[in-house]
Amino acid sequence: RKEVEQDPGPFNVPEGATVAFNCTYSNSASQSFFWYRQDCRKEPKLLMSVYSSGNEDGRFTAQLNRASQYISLLIRDSKLSDSATYLCVVLQGGKLIFGQGTELSVKP
Amino acid sequence: DAGVIQSPRHEVTEMGQEVTLRCKPISGHDYLFWYRQTMMRGLELLIYFNNNVPIDDSGMPEDRFSAKMPNASFSTLKIQPSEPRDSAVYFCASCSGTGGPNTIYFGEGSWLTVV
(Lines give C-alpha, C1' and ligand atoms only; values in the text may rest on other atoms or scores of the structure.)
Protein backbone atom coordinates (compact mmCIF):
# COMPACT_ATOMS: atom_id res chain seq x y z
CA ARG A 1 0.00 0.00 0.00
CA LYS A 2 1.32 3.44 -0.87
CA GLU A 3 2.03 5.78 2.01
CA VAL A 4 -0.10 8.54 0.50
CA GLU A 5 -2.85 7.68 -1.95
CA GLN A 6 -4.87 9.92 -4.20
CA ASP A 7 -7.32 9.41 -7.02
CA PRO A 8 -5.21 10.34 -10.08
CA GLY A 9 -8.20 11.68 -12.00
CA PRO A 10 -8.38 13.45 -14.32
CA PHE A 11 -11.29 15.43 -12.99
CA ASN A 12 -12.90 17.35 -15.85
CA VAL A 13 -15.30 20.00 -14.55
CA PRO A 14 -17.00 23.10 -15.99
CA GLU A 15 -16.14 26.55 -14.76
CA GLY A 16 -17.99 27.41 -11.60
CA ALA A 17 -18.26 23.83 -10.42
CA THR A 18 -17.33 22.61 -6.98
CA VAL A 19 -14.81 19.80 -6.93
CA ALA A 20 -13.42 17.73 -4.08
CA PHE A 21 -10.20 15.76 -3.87
CA ASN A 22 -9.51 13.04 -1.36
CA CYS A 23 -6.31 11.63 0.02
CA THR A 24 -5.54 8.85 2.49
CA TYR A 25 -2.31 8.21 4.35
CA SER A 26 -1.11 5.00 5.91
CA ASN A 27 0.98 6.11 8.87
CA SER A 28 -1.09 7.24 11.85
CA ALA A 29 1.98 8.96 13.29
CA SER A 30 2.08 11.47 10.43
CA GLN A 31 2.61 14.92 11.80
CA SER A 32 1.61 17.57 9.31
CA PHE A 33 -0.36 17.76 6.10
CA PHE A 34 -0.34 19.96 3.04
CA TRP A 35 -1.76 20.43 -0.40
CA TYR A 36 0.62 21.42 -3.17
CA ARG A 37 -0.27 22.49 -6.67
CA GLN A 38 1.81 21.60 -9.70
CA ASP A 39 1.26 23.13 -13.11
CA CYS A 40 2.32 21.31 -16.24
CA ARG A 41 6.11 21.23 -16.57
CA LYS A 42 6.52 23.34 -13.45
CA GLU A 43 7.64 22.70 -9.90
CA PRO A 44 5.19 21.93 -7.07
CA LYS A 45 4.17 24.92 -4.97
CA LEU A 46 2.46 25.03 -1.61
CA LEU A 47 -1.25 25.66 -1.89
CA MET A 48 -2.18 25.38 1.76
CA SER A 49 -1.45 23.59 4.99
CA VAL A 50 -4.14 21.38 6.47
CA TYR A 51 -5.11 21.78 10.11
CA SER A 52 -7.11 19.45 12.33
CA SER A 53 -9.88 22.00 12.71
CA GLY A 54 -10.14 22.47 8.97
CA ASN A 55 -9.12 25.64 7.23
CA GLU A 56 -10.25 27.84 4.41
CA ASP A 57 -8.40 30.12 2.02
CA GLY A 58 -10.79 31.88 -0.31
CA ARG A 59 -12.38 29.28 -2.56
CA PHE A 60 -10.26 26.49 -1.10
CA THR A 61 -11.16 24.45 1.97
CA ALA A 62 -8.97 21.74 3.46
CA GLN A 63 -10.10 19.16 5.98
CA LEU A 64 -8.23 16.58 8.03
CA ASN A 65 -9.71 13.50 9.70
CA ARG A 66 -6.98 11.90 11.79
CA ALA A 67 -9.17 9.01 12.91
CA SER A 68 -9.80 7.98 9.32
CA GLN A 69 -6.37 9.13 8.11
CA TYR A 70 -8.05 11.14 5.43
CA ILE A 71 -7.43 14.58 3.97
CA SER A 72 -9.61 16.51 1.57
CA LEU A 73 -9.45 19.62 -0.57
CA LEU A 74 -12.59 21.37 -1.77
CA ILE A 75 -12.49 23.96 -4.53
CA ARG A 76 -15.58 26.11 -4.96
CA ASP A 77 -16.49 28.17 -8.02
CA SER A 78 -13.65 26.64 -9.99
CA LYS A 79 -11.76 28.81 -12.47
CA LEU A 80 -9.94 27.90 -15.65
CA SER A 81 -6.74 28.83 -13.86
CA ASP A 82 -7.34 26.11 -11.26
CA SER A 83 -6.40 23.51 -13.87
CA ALA A 84 -3.35 21.75 -12.47
CA THR A 85 -2.30 18.67 -10.54
CA TYR A 86 -2.99 18.77 -6.82
CA LEU A 87 -0.57 16.86 -4.61
CA CYS A 88 -1.43 15.62 -1.15
CA VAL A 89 1.63 15.79 1.10
CA VAL A 90 2.25 14.25 4.51
CA LEU A 91 5.10 14.90 6.92
CA GLN A 92 6.16 11.54 8.26
CA GLY A 93 9.26 10.76 10.27
CA GLY A 94 10.87 14.00 9.24
CA LYS A 95 10.21 13.42 5.55
CA LEU A 96 7.64 14.95 3.25
CA ILE A 97 5.86 12.18 1.38
CA PHE A 98 3.98 13.17 -1.77
CA GLY A 99 0.95 11.50 -3.26
CA GLN A 100 0.90 10.89 -7.00
CA GLY A 101 -1.37 13.87 -7.50
CA THR A 102 -4.88 14.43 -8.79
CA GLU A 103 -5.23 16.13 -12.15
CA LEU A 104 -7.90 18.79 -12.49
CA SER A 105 -9.05 20.24 -15.79
CA VAL A 106 -11.55 23.10 -15.66
CA LYS A 107 -13.34 23.71 -18.95
CA PRO A 108 -15.16 26.84 -20.16
CA ASP B 1 15.50 36.00 -2.77
CA ALA B 2 15.93 34.20 -6.08
CA GLY B 3 14.48 30.97 -4.76
CA VAL B 4 16.00 27.54 -5.20
CA ILE B 5 18.23 27.54 -8.25
CA GLN B 6 18.93 24.41 -10.22
CA SER B 7 21.16 23.71 -13.18
CA PRO B 8 21.08 22.55 -15.84
CA ARG B 9 17.41 23.07 -16.64
CA HIS B 10 17.53 20.51 -19.41
CA GLU B 11 20.07 17.84 -20.24
CA VAL B 12 20.16 15.14 -22.86
CA THR B 13 22.97 12.65 -22.49
CA GLU B 14 23.97 9.26 -23.76
CA MET B 15 23.73 6.12 -21.70
CA GLY B 16 26.89 5.53 -19.71
CA GLN B 17 27.78 9.19 -19.34
CA GLU B 18 28.13 10.92 -16.00
CA VAL B 19 25.44 13.45 -15.13
CA THR B 20 25.84 16.13 -12.47
CA LEU B 21 22.88 18.18 -11.31
CA ARG B 22 23.42 21.26 -9.19
CA CYS B 23 21.36 23.10 -6.65
CA LYS B 24 21.60 26.32 -4.70
CA PRO B 25 19.08 26.39 -1.86
CA ILE B 26 17.39 29.49 -0.51
CA SER B 27 19.77 31.36 1.73
CA GLY B 28 19.23 30.52 5.39
CA HIS B 29 17.43 27.27 4.75
CA ASP B 30 18.96 24.39 6.67
CA TYR B 31 17.20 21.52 4.90
CA LEU B 32 17.85 20.48 1.33
CA PHE B 33 16.01 17.75 -0.55
CA TRP B 34 16.50 15.96 -3.85
CA TYR B 35 13.35 14.55 -5.46
CA ARG B 36 12.80 12.67 -8.69
CA GLN B 37 9.52 12.82 -10.58
CA THR B 38 8.31 10.41 -13.26
CA MET B 39 4.89 9.69 -14.67
CA MET B 40 4.96 6.16 -13.31
CA ARG B 41 6.22 6.78 -9.79
CA GLY B 42 5.29 10.38 -9.10
CA LEU B 43 7.48 12.48 -6.84
CA GLU B 44 9.99 10.42 -4.87
CA LEU B 45 12.37 11.64 -2.20
CA LEU B 46 15.92 10.53 -3.01
CA ILE B 47 17.91 12.09 -0.18
CA TYR B 48 17.81 15.00 2.18
CA PHE B 49 20.37 17.00 4.14
CA ASN B 50 20.13 18.96 7.34
CA ASN B 51 22.90 21.47 7.98
CA ASN B 52 24.87 19.93 5.09
CA VAL B 53 24.74 16.44 6.61
CA PRO B 54 22.91 13.65 4.77
CA ILE B 55 20.10 12.49 7.03
CA ASP B 56 18.22 9.96 4.95
CA ASP B 57 19.41 8.52 1.65
CA SER B 58 17.09 5.51 1.65
CA GLY B 59 15.43 6.77 -1.51
CA MET B 60 18.60 6.75 -3.57
CA PRO B 61 17.95 4.08 -6.21
CA GLU B 62 21.36 2.45 -6.31
CA ASP B 63 25.07 3.03 -6.10
CA ARG B 64 25.09 4.88 -9.39
CA PHE B 65 23.51 7.80 -7.57
CA SER B 66 25.42 9.99 -5.14
CA ALA B 67 24.73 13.36 -3.57
CA LYS B 68 26.92 15.83 -1.75
CA MET B 69 26.46 19.08 0.07
CA PRO B 70 29.90 20.61 0.63
CA ASN B 71 28.47 23.82 2.08
CA ALA B 72 25.20 25.47 2.99
CA SER B 73 24.74 27.04 -0.43
CA PHE B 74 25.47 24.19 -2.81
CA SER B 75 24.55 20.58 -3.46
CA THR B 76 25.10 18.13 -6.29
CA LEU B 77 23.36 14.98 -7.39
CA LYS B 78 25.50 12.76 -9.56
CA ILE B 79 24.54 9.77 -11.68
CA GLN B 80 27.39 7.64 -12.95
CA PRO B 81 26.91 5.81 -15.24
CA SER B 82 23.54 7.10 -16.42
CA GLU B 83 20.89 4.78 -17.86
CA PRO B 84 17.74 5.48 -19.89
CA ARG B 85 15.54 4.63 -16.88
CA ASP B 86 17.08 7.59 -15.06
CA SER B 87 15.21 9.92 -17.40
CA ALA B 88 13.05 12.08 -15.15
CA VAL B 89 12.70 15.52 -13.69
CA TYR B 90 14.98 16.02 -10.72
CA PHE B 91 13.83 18.64 -8.24
CA CYS B 92 15.86 20.23 -5.52
CA ALA B 93 13.96 21.81 -2.64
CA SER B 94 14.85 23.57 0.58
CA CYS B 95 13.24 24.73 3.76
CA SER B 96 13.93 26.17 7.14
CA GLY B 97 12.68 23.89 9.87
CA THR B 98 13.40 24.49 13.49
CA GLY B 99 11.22 21.56 14.35
CA GLY B 100 11.85 19.63 11.20
CA PRO B 101 10.89 19.95 7.50
CA ASN B 102 7.73 21.89 6.92
CA THR B 103 6.85 24.02 3.93
CA ILE B 104 9.42 23.37 1.26
CA TYR B 105 10.27 25.41 -1.78
CA PHE B 106 11.16 23.72 -5.01
CA GLY B 107 13.51 24.71 -7.76
CA GLU B 108 12.26 24.62 -11.33
CA GLY B 109 13.73 21.18 -11.87
CA SER B 110 16.37 19.61 -14.06
CA TRP B 111 14.81 17.73 -16.97
CA LEU B 112 17.07 14.77 -17.72
CA THR B 113 16.83 12.55 -20.77
CA VAL B 114 19.22 9.63 -21.13
CA VAL B 115 19.26 8.10 -24.59
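Chain naming here is simple, since letters A, B, ... match the order of the sequence lines and numbering starts at 1 in each.
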Asks: When you compare the side chain of B:Tyr48 with that of A:Leu96, does any pair of heavy atoms fall below 4.5 Å?
Replies: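 With C-beta onward as the side chain, the pair stays apart.
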
Asks: Would a single hydrophobic cluster contain both B:Ile79 and B:Met69, if residues Ile, Leu, Val, Met, Phe, Trp and Tyr are joined by side-chain heavy-atom contacts under 4.5 Å?
Replies: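 They do share one cluster, since a chain of ILVMFWY contacts under 4.5 Å joins B:Met69 to B:Ile79.
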
Asks: Could you state the interatomic distance from CZ (B:Arg41) to CD (A:Gln100), rounded to the nearest 0.5 Å?
Replies: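 Between B:Arg41 CZ and A:Gln100 CD, I get 9.0 Å after rounding to 0.5 Å.
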
Asks: Is chain A contacted by the side chain of B:Leu45, its backbone, both, or neither, given a heavy-atom distance below 4.5 Å?
Replies: side chain

Asks: Output the distance between atom CD (A:Glu43) and atom CD (B:Gln6), rounded to the nearest 0.5 Å.
Replies: 8.5 Å

Asks: Heavy-atom distances under 4.5 Å only: say whether B:Ser58 touches chain A with side chain, backbone, both or neither.
Replies: side chain

Asks: Please check if B:Ile47 and B:Val4 belong to a single hydrophobic cluster, counting links between Ile, Leu, Val, Met, Phe, Trp and Tyr side chain heavy atoms closer than 4.5 Å.
Replies: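 Hydrophobic grouping puts B:Ile47 apart from B:Val4.
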
Asks: Out of curiosity, does B:Val89 fall in the hydrophobic cluster containing B:Val114 (side-chain heavy atoms, cut-off under 4.5 Å, transitive links)?
Replies: no

Asks: Between atom CD1 of B:Ile55 and atom NZ of A:Lys95, what is the distance when rounded to the nearest 0.5 Å?
Replies: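 Those atoms lie 12.0 Å apart.
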
Asks: So which part of B:Glu44 gets closer than 4.5 Å to some heavy atom of chain A, the side chain, the backbone, both or neither?
Replies: neither

Asks: Given the rule that I, L, V, M, F, W and Y join up when any side-chain heavy atoms are under 4.5 Å apart, are B:Trp34 and B:Met60 in one cluster?
Replies: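 Shared cluster, yes.
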
Asks: Inspect the surroundings of CG in B:Asp63 and state if more than 12 heavy atoms from other residues, nucleotides or ligands are less than 6.0 Å away.
Replies: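 Counting neighbours around CG of B:Asp63, 12 or fewer heavy atoms of other residues, nucleotides or ligands fall under 6.0 Å, so no.
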
Asks: Can you list the steps and then say if A:Phe98 with B:Phe106 is a ring pair (Phe, Tyr, Trp, His ring centres under 6.0 Å)?
Replies: CA-CA 13 Å; A:Phe98 285 74; B:Phe106 285 83; 5.7 Å; yes

Asks: Taking OH in A:Tyr70 as the centre, count heavy atoms belonging to other residues, nucleotides or ligands within less than 6.0 Å. Is the count above 12?
Replies: yes

Asks: What part of B:Tyr35 is in contact with chain A, defined as an atom under 4.5 angstrom from a non-hydrogen atom: side chain, backbone, both or neither?
Replies: side chain

Asks: Say whether B:Met15 and B:Leu112 are linked into one hydrophobic cluster, either directly or through other cluster members, by side-chain heavy-atom distances under 4.5 angstrom.
Replies: yes

Asks: Please report the interatomic distance CD1(B:Ile104) to NZ(A:Lys45), rounded to the nearest 0.5 Å.
Replies: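 B:Ile104 CD1 to A:Lys45 NZ: 14.0 Å, rounded to 0.5 Å.
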
